[in-house]
Amino acid sequence: MAITNNDIAAIFNRVADLLELSGGNEFRVRAYRGAAMSVASFSQSLADIIISGQEIPKLAGIGKDLEGKIGEIVKTGKLAQLKELESQVPTDLIELTHLPGLGAKRVRLIFDKLGVKTIDALEKAARSEKIRAIRGLGEKTEKNILAEIEKRKGLQQNVKLIDAIKTAAPLVEYLKAVDGVMQVTVAGSYRRRKETVRDVDILVACSNAKTVMDVFAAYPQVKQILAKGLKKTTVVLESGLQVDVRAVSESSYGAALVYFTGSKEHNVAIRKIGVRKKIKLNEYGVFRGKRRIAGKTEEDVYATVDLPWIEPELREDRGEIDAATSGKLPHIIELDDIQGDLHAHTTTTDGRSSLEEMIEAAISRRYKYLAITEHTQHVTVANGLEPKAMRKRLAEIEKAGQKYKEITVLKGAEIDILSDGSLDLPEEILEELDIRVCAVHYKFNLTKEEQTSRILKAMENPWCQILAHPTGRQINIRSGYEVDLPAIFRAAAQHGVALECNAQPARLDLNDINLRAAKEVGAKFVISTDSHHTSELEFMQYGVWQARRGWLEKRDVLNSQSLKGLLSSLRKAPQAALSHK
DNA sequence: GCCGTTTTCGGCCCGACTGTTTTCAGTCG
């Protein structure tokens, strides 16, 4: 089993956790965590690079020592240093540090004094009031520990971006109505458009921070106040979502926006540039000595470290700072670039809007084209169409399409990839289609090798033009099938099969890192909503956000082209079939 | 453990809030 970058990152993170618990040098701990980040966000497989005998490229935060350790992990699957640490520090303690309010120091302290290693033992110790007896801890800390253990039992997952947006919208309006409030922006991972968010960070520019804190804490949906100060308040809403509100003056708004948008790693990276230039960046501004030299806008703040403004979706410290320094930031795609949708269902299969309703909804979005892609027969749960019914449906789509001058309706199908890699439609029907979207819908539990060869076989089929939702994952529901994605991406580039960025907010498949990895090997993409209702055409925005996080530009995305451009860029249908058309 | 436009040694981003203790350490983002 090949070692993935994520495996290496997990080992480094575990080393960091154990080093921290053993009281090791905090900067050394940080070095391991930084290395883990660096490895995890690197788009090529380090194992592949090493096994093929190439040099490991220079990665940020990885020096000679850690490079050697990556080699050791790839070659042996293990790290001797980790084994050594595991024999010295009880590994159970790592889980305790994940409890909010408990870090390595306190976990170690409680372990040393009471021998507590597990959550259960911790709960017992807290209930019998043994925690408060430890010098440096107290009654409040003990109660907080119990509260956190209780909360854990009804564990809150990261929420999907769409749910965070729905929750935040009324709260933003509520805060905007407060006297003295000038601007309200949801920052954090929400503004970076991550597929899920752990909490919602709201930045308020105002002249009366204390009032804003009081009014926010009194928001009717607040279930619990976790912290409340003069500038910052943290609450949990009834929905379980955590919300932070931070208030600053208008003159600091740009600096605060940079700080509060993150990511943390991006901020650290630009602050380090600041340190080299003898300036200090914080949420109030940029300072040279005591003198404030910027802070009102984000552009001003970036300019002090000689960087152009960087799109929030790129702020992950995954190379955007180097790109910005060298003037090579990508011109990432925008919603307005999208000219049509290539994946949509209707009431004939598992959709909830009629063909005409879907077409009219696409027209109202000013699309130039819309592909109707009903399921094929194997997907029985979605009322997939047998060849005969599919042929009838294609005729209906063609006829309906002729009624509309503003848009071209493409006859498509979402063709099931069967377990042997063949396509779920006979050639004579494949030939009638304008667009062929292929996807896996069952047998998720094949081995990685079986699943990979199944999908590769489908991609080698000359009729396969688009691979839809390539991993099959659903956010917070299932992780997707095991498949060799780098091999899929290479095949996509080689055969000219476009990879779908599925815009369903629960799919967003491919994800950001995979989109970028596929782009780097030369693959092309489509962004499609997989709509089952007219209202879902709006999901295009989510797909575009994910694509932006994956550094995709207009030229990478085929449905940003005119109909003519799209059709000439999609993989060509087999010549033999075309010749007798 | 990494890193270098004052450096190969001596730094390593920066501030808010909490709880504890009485001036600050720990945690978090």
Side-chain angles (χ1 to χ4, degrees), chain A residues 12 15-16 19-20 23-39 58-70 81 96-110 131-145 147-148 187-190 192 197-203 209 213 225-235 242-248 252 255-256 258-287 301 305-306 315 317 321 325:
Chain A
F12 284 167
V15 169
L19 275 175
E20 201 174 15
N25 178 310
E26 65 171 296
F27 298 108
R28 196 167 162 227
V29 172
R30 202 185 289 177
Y32 276 94
R33 293 208 198 287
M37 274 281 304
S38 202
V39 167
K58 178 73 198 94
L59 295 179
I62 295 189
K64 209 169 177 180
D65 183 84
L66 288 176
E67 189 179 313
K69 284 173 182 168
I70 291 172
Q81 178 198 17
L96 295 186
T97 66
H98 296 158
L99 218 53
L102 281 191
K105 294 237 166 58
R106 284 179 182 166
V107 166
R108 185 72 206 206
L109 179 65
I110 295 169
I131 302 289
R132 67 179 68 179
I134 300 173
R135 184 173 172 79
L137 305 177
E139 191 178 340
K140 278 268 180 69
T141 306
E142 186 175 88
K143 284 188 169 151
N144 286 342
I145 287 172
E148 288 298 338
S189 49
Y190 180 111
R192 303 198 311 279
V197 302
R198 201 171 58 80
D199 56 15
V200 169
D201 303 306
I202 302 180
L203 183 65
M213 294 298 111
I225 298 172
L226 297 180
K228 183 164 179 285
L230 291 172
K231 299 170 174 182
K232 180 181 163 186
T233 294
T234 302
V235 308
Q242 183 173 317
V243 181
D244 287 4
V245 169
R246 183 72 186 262
V248 296
S252 296
V258 170
Y259 160 76
F260 223 25
T261 297
S263 66
K264 187 182 164 190
E265 292 75 17
H266 175 89
N267 289 348
V268 168
I270 60 176
R271 282 173 178 174
K272 279 182 182 167
I273 299 176
V275 170
R276 286 207 297 274
K277 294 174 136 350
K278 298 242 182 279
I279 56 178
K280 183 175 73 170
L281 286 87
N282 62 27
E283 54 265 58
Y284 301 109
V286 183
F287 300 85
V301 172
V305 283
D306 296 334
R315 301 183 194 174
D317 194 25
I321 292 174
T325 307

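Atom set for the values below is all heavy atoms of this structure, side chains included, hydrogens, waters and symmetry mates excluded. This one's a predicted model, so the numbers in the text were calculated from it and none came from an experiment. Order of the sequence lines sets the chain letters (A, B, ...), proteins ahead of strands, with each chain counted from 1.
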Does [X] reach a base, just sugar-phosphate, or nothing at all? Heavy atoms under 4.0 Å.
X: A:Lys278; value: base
X: A:Tyr259; value: base
X: A:Val29; value: nothing
X: A:Glu283; value: sugar-phosphate
X: A:Lys58; value: sugar-phosphate
X: A:Lys272; value: sugar-phosphate
X: A:Ile270; value: nothing
X: A:Leu99; value: sugar-phosphate
X: A:Arg28; value: base

Tell me which donor-acceptor pairs under 3.5 Å the side chains of residues 274-282 of chain A have, and how far apart each pair is, sequence neighbours excluded?
{"residue": "A:Lys277", "atom": "NZ", "partner": "A:Asp306", "partner atom": "OD2", "Å": "2.8"}
{"residue": "A:Asn282", "atom": "OD1", "partner": "A:Tyr284", "partner atom": "N", "Å": "2.8"}
{"residue": "A:Asn282", "atom": "OD1", "partner": "A:Gly285", "partner atom": "N", "Å": "3.2"}

Output, in order, the C-alpha distance, side-chain angles, deciding distance and verdict of salt bridge (Lys or Arg N to Asp or Glu O under 4.0 Å) for A:Glu20 and A:Arg33.
CA-CA 11 Å; A:Glu20 201 174 15; A:Arg33 293 208 198 287; 2.6 Å; yes
Under-4.0 Å salt bridge between A:Arg246 and A:Glu283
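Result for this pair is yes, salt bridge flagged.
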Between A:Thr97 and A:Lys64, which is nearer to the 5' end of DNA chain B once each is assigned its nearest nucleotide?
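With A:Lys64 and A:Thr97 compared, the 5'-side residue is A:Lys64.
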DNA chain B: 5'-proximal contact among A:Arg276 and A:Asn144 (nearest heavy atom):
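It is A:Arg276, whose closest nucleotide lies nearer the 5' terminus.
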Between [M] and [N] - [atom1] atom distance, rounded Å:
N: B:dT23; M: B:dA16; atom1: P; value: 22 Å
N: B:dT6; M: B:dG11; atom1: C1'; value: 13 Å
N: B:dT8; M: B:dC3; atom1: C1'; value: 9 Å
N: B:dG15; M: B:dC9; atom1: C1'; value: 28 Å
N: B:dC13; M: B:dG4; atom1: P; value: 13 Å
N: B:dT22; M: B:dC28; atom1: P; value: 23 Å
N: B:dA25; M: B:dT20; atom1: P; value: 16 Å

Going from CD1 on A:Ile145 to CD on A:Glu148, what distance comes out if it is rounded to the nearest 0.5 angstrom?
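It comes to 9.5 Å.
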Can you tell me how far OG1 of A:Thr234 sits from CD1 of A:Ile225, rounded to the nearest 0.5 angstrom?
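Reported to 0.5 Å precision, the distance equals 10.5 Å.
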Closest approach of A:Tyr32 to A:Asp65 (non-hydrogen atoms, all atoms of both residues)
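Nearest heavy atoms, A:Tyr32 then A:Asp65: OH-OD2, 4.2 Å.
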Work out which heavy atom in A:Gly61 is nearest to a heavy atom in A:Ala35; give both atom names and the distance.
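So the two residues come closest at O-CB, 4.0 Å.
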Considering only heavy atoms of chain A and a distance under 4.0 Å, specify the first and last nucleotide of DNA chain B in 5' to 3' order that meet this criterion.
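Contact span on the strand: B:dG1 to B:dG29.
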Which base, if any, makes a Watson-Crick or G-U wobble pair with B:dT8, both distances under 3.5 Å?
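B:dT8 is paired with nothing.
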So does A:Lys228 have more than 12 non-hydrogen atoms from other groups sitting under 6.0 Å from NZ?
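Buried by this count: over 12 neighbours within 6.0 Å.
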Just confirming the chi classification of B:dT5, syn or anti, using 90° around 0 as the syn window.
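For B:dT5, whose glycosidic angle is more than 90° from 0, the conformation is anti.
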